[in-house]
Amino acid sequence: MDVVRVGMADLRVVESPLILSTLGLGSCVGIILYDPIKKIAGLAHIMLPDSNNVSNNINKAKFADTAIIELINEMEKKGAKKERLVSKIAGGAQMFEFKGKTDLMRIGERNVEAVKKNLKKFNINLIAEDTGGNYGRTIEFDSNTGKLYIKTIGQGTKEI
Amino acid sequence: MSDQLKALNSNQLDALKEIGNIGAGNAATALAQLLNRKVNMKVPEVNILSFNDIIEVLGGPENVVVGIYLRVSGGITGNILFLLPKENAVKMLDILLGKQRDSTDDFNPIERSALLEVGNILTGAYLAALSSLTNMTFIPSVPALAVDMVGAILSVPLSQYGYMGDTALLIDTEFEEGEYQVRGHFFLIPDLDIFDKLFSAIGGVQ
């Protein structure tokens, strides 16, 4: 099966039967949006919670708020219906343990919070998540079955 | 590329390279003493690369590495990351702890603290040299360790650069111990907003 790779701070939209994948998510979050009827899937690999304080943001895929809007737009162009979209998310780890959590160290947690807040804003149902922890994740989404596979170092693969 | 990084001229890049040279020179000496072996250091490189290119250069997002990470505060704020392939970290532990181990096992608490201590010693030496160069005080945090995919480890220091653009600046020095082939990268990743302060501290580089 053909796999479409999504880099850090990047997003892609595909149709069945393609597989969407992003590798080595740490504090970043992988956001899947999916139209199960049309089998259209989008994946964004976001790094940061919001673009509010960023002037002339060129890369919409980098921030939770702008990436979700961009995914919806790109998916609608391919024929997806916003009302049908569901979401699965993974990532948002705290890779390094530090005493006294600064904003920088909480970046993973903040990313997850921001993704959830923005999904709610667009009434998109979050149907599965694998977030937090202190380890990296590689994810693969099958646009035919709607299954999300999560690989970690030392903990094997799971499916959500 | 963020304008701030694009605007750096060759004098400023040379100055950053010199920071790497002086800091890493001291750190290499400290590592040689710790391992009781000769440690070679490559000429530091100042890399301004896109996030994805940085990760590719380090073996791709899923490459499993040992990362020892510290935040630096004080005169200049930034990140220090000591990165080595897992099998090299195992060899380093063989030298430090004087025993052979299976490279596939997870690190036990003693091995983890030995690796953290290496991070501490290298960082201390690096910052001490930087401190005498700039007359500033640097305060490293307690080091933290992760054994994981390089993409996941780098997401932490790179995310701060994300607010400014899709590129980051890393002062990269590669170390190598010849006999056991222990190789590692020592990165200083200064915060984006400190370049002016840094350049004026090292003699008004313009």
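Please read these numbers as outputs of a predicted model, since none were measured by experiment. Chain naming here is simple, since letters A, B, ... match the order of the sequence lines and numbering starts at 1 in each.
At a 4.5 Å heavy-atom cutoff, the contact between B:I55 and chain A is made by side-chain atoms alone. Only the side chain of B:V64 comes within less than 4.5 Å of a heavy atom of chain A; its backbone N, CA, C and O stay farther away. Contacts of A:N52 with chain B are absent, with no heavy-atom separation under 4.5 Å from either backbone or side chain.
How far CG of B:D148 is from CG of A:N134: 8.0 Å, rounded to the nearest 0.5 Å. Annotation: the span from A:I107 atom CD1 to B:Q160 atom CD amounts to 8.5 Å, rounded to 0.5 Å. Rounded to the nearest 0.5 angstrom, B:N52 CG and A:L23 CG are separated by 10.0 Å.
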Going through the checks in order, is the side chain to side chain contact (heavy atoms under 4.5 Å, CB included) test met by B:I153 and A:F96?
CA-CA 8 Å; B:I153 285 177; A:F96 295 99; 3.8 Å; yes
Would you sort out whether A:K62 and B:Y163 count as a side chain to side chain contact (heavy atoms under 4.5 Å, CB included), showing the intermediate values?
CA-CA 9 Å; A:K62 198 162 44 184; B:Y163 283 113; over 6 Å; no
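Taking A:L48, A:I153, A:L25 one by one and counting their heavy-atom pairs under 4.5 Å with chain B, the maximum is reached by A:L48.
Environment of NZ in A:K39: crowded, with over 12 heavy atoms of neighbouring residues, nucleotides or ligands closer than 6.0 Å. Residue-environment remark: NZ (B:K91) exceeds the threshold of 12 foreign heavy atoms within 6.0 Å.
Between the side chains of A:S27 and B:S155, at least one donor-acceptor pair of N or O atoms lies under 3.5 Å.
Taking both residues in full, the closest heavy atoms of B:E62 and A:K151 are given as OE2-NZ, 4.4 Å, listed atom of the first, atom of the second, then distance.
Using a 4.5 Å heavy-atom cut-off against chain B, the contacting residues of residues 2-22 of chain A are A:G7, A:M8. Among residues 68-80 of chain A, no residue has any heavy atom closer than 4.5 Å to a heavy atom of chain B.
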